[in-house]
J.: 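Handing you this structure, nothing more for now.
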Number of protein chains: 4
Amino acid sequence: MNVSTVPVHTNEADSRQKRRAEILAAASALFAEQGYHKASISGIIERANIARGTFYLYFSSKHAILEAILDEAIQGLRARIRRIDMGRDAPSPRQQLRDNILRVLQYVTSEPALTQLVLEHGLGPDDEVAERVLRFYRHASELIESSLRHGIELGVVRDCDVGVTAAASLGAIRGVVAHLLLGDSEADLEQVTDEVIAFALGGLGFPG
Amino acid sequence: MNVSTVPVHTNEADSRQKRRAEILAAASALFAEQGYHKASISGIIERANIARGTFYLYFSSKHAILEAILDEAIQGLRARIRRIDMGRDAPSPRQQLRDNILRVLQYVTSEPALTQLVLEHGLGPDDEVAERVLRFYRHASELIESSLRHGIELGVVRDCDVGVTAAASLGAIRGVVAHLLLGDSEADLEQVTDEVIAFALGGLGFPG
Amino acid sequence: MNVSTVPVHTNEADSRQKRRAEILAAASALFAEQGYHKASISGIIERANIARGTFYLYFSSKHAILEAILDEAIQGLRARIRRIDMGRDAPSPRQQLRDNILRVLQYVTSEPALTQLVLEHGLGPDDEVAERVLRFYRHASELIESSLRHGIELGVVRDCDVGVTAAASLGAIRGVVAHLLLGDSEADLEQVTDEVIAFALGGLGFPG
Amino acid sequence: MNVSTVPVHTNEADSRQKRRAEILAAASALFAEQGYHKASISGIIERANIARGTFYLYFSSKHAILEAILDEAIQGLRARIRRIDMGRDAPSPRQQLRDNILRVLQYVTSEPALTQLVLEHGLGPDDEVAERVLRFYRHASELIESSLRHGIELGVVRDCDVGVTAAASLGAIRGVVAHLLLGDSEADLEQVTDEVIAFALGGLGFPG
DNA sequence: AATGAATGAGGGTTCATTCAT
DNA sequence: CATGAATGAACCCTCATTCAT
């Protein structure tokens, strides 16, 4: 007797996902604006135009939504970072590195709120939240380390402490990301990428 | 023949300073462990073994003690960073840069709790607290920028976007600092410094 | 045929108003018993049988509920005091004055807690709360003053310093109100009113 | 071997009394300015220029000093109110009443801080503090009542409910006192007294 | 007697979470 | 599913009082 013989399931699931996304968007905007701690459930539900109880139908806690947001951001970043292919037919490692950085910077500037949150967390104390971000950084770091090791083997990267150097490289990118986020004007990402590459590969050019 | 025939008064002031330092230490440790927000006055006074009211005899608020801690850390860092002297009789710029980095890394590893806090703050949204840390980062960034500009003029630094490059450099150091803080083992700071210098000045050594 | 086919909505609003009134009642009683300062939120919520947070769903602060209570009391009093109509068709001024006093005394004895609070406040130093009560007293005083002036013009009131006399008149009523509140037995308000009128209009009857 | 062979006892007692009076003065000024509750021990000792512990050498609690202040005020008032002497050689009752009122008004304006406190208290809830003030009011009220009864017996006062009329009379004076305290300008107390007397004895002059 | 650092009970308020409707 | 009134633990902070010096 139900009027809608259409796949109710899909509709419901769709609308559920949509609602969920709305709440997620409201929360990440608020978190970015006020910081996780200062932001309140009240603020989120007001922005998302939902009732208080509804929030808990989609997320089990305030903490949970932060994790979801960070996961989204991390996933976004991960998807844009690709392991450098040393195969013959692949583009040059430098080109691949450049592409990675450019994609990251593009993502980061297209999602400033998410980025803000990733930047903000992942340094704090051993929190379950920080854990995830930390794991991402560790993942990125390992990616860099393995590339460095590979490069050293191939003789294209000078011999160095890969742990320290990877930390420095990752930090450099983080620094540039923060720089982009703070800057009001829109920067030419291609150019910025080239600067980063130049710095990472050639340093400042100081004479040895 | 005792050097200190100074007034007994010092005792009072000393004990006050001592107590203050104890509270400061308890708070830094707790803030570093749990983060500023999660840490509570209760936790601080328990760790410092003082009564609730006593805390407020030394610091006007929870916020105030964080500021005091951050100020101390920033001051500690600032004191270890010296503008590079380009004079003839000065050590080589590279040597001076190395000294700066080494001093910072030494301080940072000697004060992991303070460092943790500085690392943690200054990224969130406009917090009154973050302000100070941000200002420090900005200060450091400007120092680097001006050095870069100077180096470019002298022809010892290749032409680059000083804003981006300074952000990358500062980020690289922050990255290494975070790396040191997370690492359980004690690293040889001299060696780490050399790695940082090598990375900053010569990059990865990738062939153009 | 039910007069109220009004929306069911009223139920919600009603229950909210009811709850609010309960808290208001609990607070008035406690304030009257212990005084505003000694009374605590804990005491109020215990008496009202609500949780701590619930209180703040209805009143933004302890201060706010006092204001609400005082406003209610003042409004109650104001509503019972009417400017004396000197028109031809109006009852005699004496009758109108009598009605005013009787209504006030009736209200005051029906709301001893509220009265206690109004009596208690408006005398301390410039408190934001006292302000409202003070304004009410000033309003009442001005009403009396203008009546006195009018009476003097008409020759029915002897020439006097209206400021002082109004203060004395208002004080006399306050005194009687306090007297009624302290007295355990229930007084005949009509009789008391007549006494007040007799005193106010004819004094003690002492021979000049 | 004591240098001072003078009655040390007296000196000490004197200085103790002096100190005590200073604290009392500081406290009553502060209480009058800020109200009893808002005023703090810190405020008192700062104003009295004594150490925190010293306060408790002279008064056992914050409450105790309020009691002492109120006692002083009440004593001051009591000393200025004299039972009306109906003896033949005595001045006329009216004159005696006038003298009483004038003395009270003089005292009250000379000690605004104390008066403020008496006015403020004595209406609040059944507090130990209010008790004393209340007792004073009751005392004054009984004095008036007995005078009224006497006057009625003598036929110089019209027959009335002495309880109500005494309350009204006392209230009238309180009202005038408050009026004087609030007024910035200095009033001619003799004139004010005459107004009060005229009101109390003859009322407003309204035609019966 | 005088001091003032230390105390800790108690204050008002917030806010993430729950649950009856 | 959606609601939002209700909850209460936990928060930061104040301040009258104490006591070792």
Side-chain angles (χ1 to χ4, degrees), chain A residues 12 15-16 19 36-46 48-66, chain B residues 8 11-12 15-16 19-20 23 37-45 48-65, chain C residues 8 11-12 15-16 19-20 23 37-45 48-65, chain D residues 12-13 15-16 19-20 36-46 48-66:
Chain A
E12 280 178 8
S15 90
R16 181 173 170 84
R19 197 37 101 79
Y36 175 69
H37 285 102
K38 208 186 162 194
S40 66
I41 298 287
S42 295
I44 296 171
I45 64 175
E46 190 179 332
N49 244 302
I50 56 169
R52 191 160 285 267
T54 307
F55 175 88
Y56 289 89
L57 252 33
Y58 291 85
F59 299 95
S60 63
S61 69
K62 187 187 177 187
H63 197 93
I65 199 172
L66 175 60
Chain B
V8 187
N11 276 345
E12 289 171 26
S15 91
R16 180 172 171 85
R19 185 74 101 142
R20 198 186 124 99
I23 301 174
H37 286 102
K38 206 186 165 196
S40 68
I41 297 289
S42 295
I44 296 172
I45 63 175
N49 245 303
I50 56 170
R52 194 159 281 270
T54 307
F55 175 87
Y56 290 92
L57 247 37
Y58 291 85
F59 299 96
S60 62
S61 68
K62 188 189 177 187
H63 194 94
I65 199 172
Chain C
V8 187
N11 276 344
E12 288 170 25
S15 92
R16 179 172 171 85
R19 186 73 99 140
R20 198 185 124 99
I23 301 174
H37 286 102
K38 206 184 165 198
S40 68
I41 298 287
S42 295
I44 295 172
I45 65 175
N49 244 301
I50 56 170
R52 194 160 279 271
T54 306
F55 175 87
Y56 290 90
L57 247 37
Y58 292 86
F59 299 95
S60 62
S61 68
K62 187 187 178 189
H63 194 93
I65 198 173
Chain D
E12 280 178 8
S15 90
R16 180 171 171 85
R19 200 31 105 79
R20 197 185 124 99
Y36 174 69
H37 285 102
K38 208 185 163 196
S40 66
I41 298 287
S42 295
I44 296 172
I45 64 175
E46 191 179 330
N49 245 303
I50 56 170
R52 190 159 284 268
T54 307
F55 175 87
Y56 288 90
L57 252 34
Y58 291 85
F59 299 96
S60 64
S61 69
K62 187 188 177 188
H63 197 93
I65 199 171
L66 175 59

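Treat the numbers as computed from the prediction; the structure is a model and nothing was measured. Below, read A as the first sequence line, B as the second, and so on, with proteins coming before strands; counting in each chain starts at 1.
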J.: Calculate the interatomic distance between Glu46(D) atom CD and dC15(F) atom C1'; express it in whole Å.
T.: 15 Å
J.: Hey, does the Lys NZ or Arg CZ of Lys62(A) hover above the aromatic six-ring of Tyr36(A), less than 6.0 Å from the centre and inside 45° of the axis?
T.: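 Checked: cation-pi criterion met.
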J.: Determine, for nucleotides 14-21 of chain E in 5'-to-3' order, which nucleotides have protein heavy atoms under 4.0 Å from the base (write B), from only the sugar-phosphate (write S), or from neither (write -).
T.: BBBBB---
J.: By the 4.0 Å heavy-atom rule, please label Arg16(D) as base, sugar-phosphate, or nothing.
T.: sugar-phosphate
J.: Go through the structure and list residues passing side chain to side chain contact (heavy atoms under 4.5 Å, CB included) with Arg19(C), not counting sequence neighbours.
T.: Glu22(C), Ile23(C), Ile50(C), Tyr58(C)
J.: Verify the contact: side-chain N or O of Tyr58(A) to OP1 or OP2 of dA2(F), cut-off strictly under 4.0 Å; return yes or no.
T.: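 Indeed, a polar side-chain atom of Tyr58(A) lies that close.
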J.: Could you tell me which residues satisfy side chain to side chain contact (heavy atoms under 4.5 Å, CB included) with Ser61(A), sequence neighbours excluded, listed by chain and number?
T.: His63(A), Ala64(A)
J.: Report the distance from atom CD1 of Ile23(B) to atom P of dA6(E), rounded to the nearest whole Å.
T.: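 After rounding, the reported distance stands at 8 Å.
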J.: Heavy atoms only: give me the nearest Leu57(C)-Arg16(C) pair and the separation to one decimal.
T.: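 That closest heavy-atom pairing would be O-NH2, 3.3 Å.
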J.: Starting from P on dT7(F), measure out to CD1 on Ile45(C) and report it in whole angstrom.
T.: 10 Å
J.: Hey, where does DNA chain E pair up into stems, meaning at least three consecutive Watson-Crick or G-U pairs with distances under 3.5 Å?
T.: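 Stems found: E:2-21 with F:2-21.
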J.: So, taking the atom named CD1 in Ile65(C) and the one named CZ in Arg20(C), what distance separates them when rounded to the nearest 0.5 Å?
T.: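 Rounded to the nearest 0.5 Å, the CD1-CZ separation comes to 8.0 Å.
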J.: Check the phosphate of dA6(E) against Arg19(B), side-chain N and O only, distance under 4.0 Å to OP1 or OP2. Yes or no?
T.: yes
J.: Residues two or more places apart in sequence or in another chain: which of them pass side chain to side chain contact (heavy atoms under 4.5 Å, CB included) with Ser40(C)?
T.: Ser42(C)
